[in-house]
Amino acid sequence: MHDRASRLLRISAPVELVTLAVLLVNLGVLHLPVLASAVGPVHGCAYLIVIIAAAREPGPDRTAVALSAVPGIGGVLALRRLDALRAAAAPAARISGGAATPGGPAGRRDAPGRWARGSGSGPGSAR
C-alpha cells in the first residue's frame, strides 16, 4: 500500500481550491470576463481530475470519493481522509510485522534480528 495519496490528487486538489477562490473573487470584485474564461475551464478540469484520482486510489474508501465530489474543498478533504487512513494503518502494519524483537518478550532467535516467542532463551529469559 502506498503511504501517500497519488501525485495527481496531491497536485489537482489545491489547484481546484485556488481556481475556485480566483473565480469567486472575480465574481465578487473584479468582474473580468477574460479571467473567468481562462480560469473556469482550469477549475472544471481540476474538479474532474480530483474525483477521478480519488476514485483510483487503492483501497475501498468510498467516503474519500464522496468527499472529492464536494466542489472547491472536496479534493483537500479527500486528501486528508486518505492520509489519515494510511497513517492509522501504517503503525498496525509495523506492529504485526513478525515475531518479538530483542527488546520485547523472551524467545529464541530463529532468524537474524528476530526472536521466536516462548522458547525460554534470549533477552529477558530467567534461565
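As the structure is a computational prediction, the values presented were derived from the model and not from experiment.
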Worksheet entry | L24: hydrophobic cluster co-members (side-chain, 4.5 Å) | L20
Practice prompt. Considering only Ile, Leu, Val, Met, Phe, Trp and Tyr, and joining two whenever side-chain heavy atoms are under 4.5 Å apart, list the other residues clustered with I49.
Written response: L8
Worksheet item: Which pairs pass salt bridge (charged side-chain N to carboxylate O under 4.0 Å, His left out) with one or both residues in residues 62-79, sequence neighbours excluded?
Response: none
Using atom types as modelled, flag every donor-acceptor pair under 3.5 Å from a side chain in residues 64-76 to any protein atom, sequence neighbours excluded.
from, atom 1, to, atom 2, distance (Å)
S68, OG, V65, O, 2.6

Worksheet item: L79: which other cluster members, linking ILVMFWY side chains closer than 4.5 Å, directly or transitively?
Response: L9, V50, L82
Discussion item. Suppose the criterion is salt bridge (charged side-chain N to carboxylate O under 4.0 Å, His left out): which pairs have a residue in residues 69-81, not counting sequence neighbours?
Written reply: D61-R81
Discussion item. So which atom in P14 and which in I11 form the shortest heavy-atom distance, rounded to 0.1 Å?
Written reply: CD-O, 3.3 Å
Practice prompt. Quick one: which residue pairs count as a side chain to side chain donor-acceptor pair (under 3.5 Å) with a foot in residues 38-52, not counting sequence neighbours?
Written response: T19-H43
Fill in: All side chain to side chain contact (heavy atoms under 4.5 Å, CB included) counterparts of L32, not counting sequence neighbours
N26, L30, L35
Worksheet item: Checking side chain to side chain contact (heavy atoms under 4.5 Å, CB included) for the pair V42/E16: CA distance, chi angles, key distance, verdict?
Response: CA-CA 8 Å; V42 174; E16 178 195 7; over 6 Å; no
Worksheet item: Taking only residues two or more places apart in sequence, or in another chain, which ones meet S6 in a side chain to side chain donor-acceptor pair (under 3.5 Å)?
Response: E57
Worksheet item: If Ile, Leu, Val, Met, Phe, Trp and Tyr residues are connected whenever their side-chain heavy atoms lie under 4.5 Å apart, and connections chain through other members, are V22 and V29 in the same group?
Response: yes
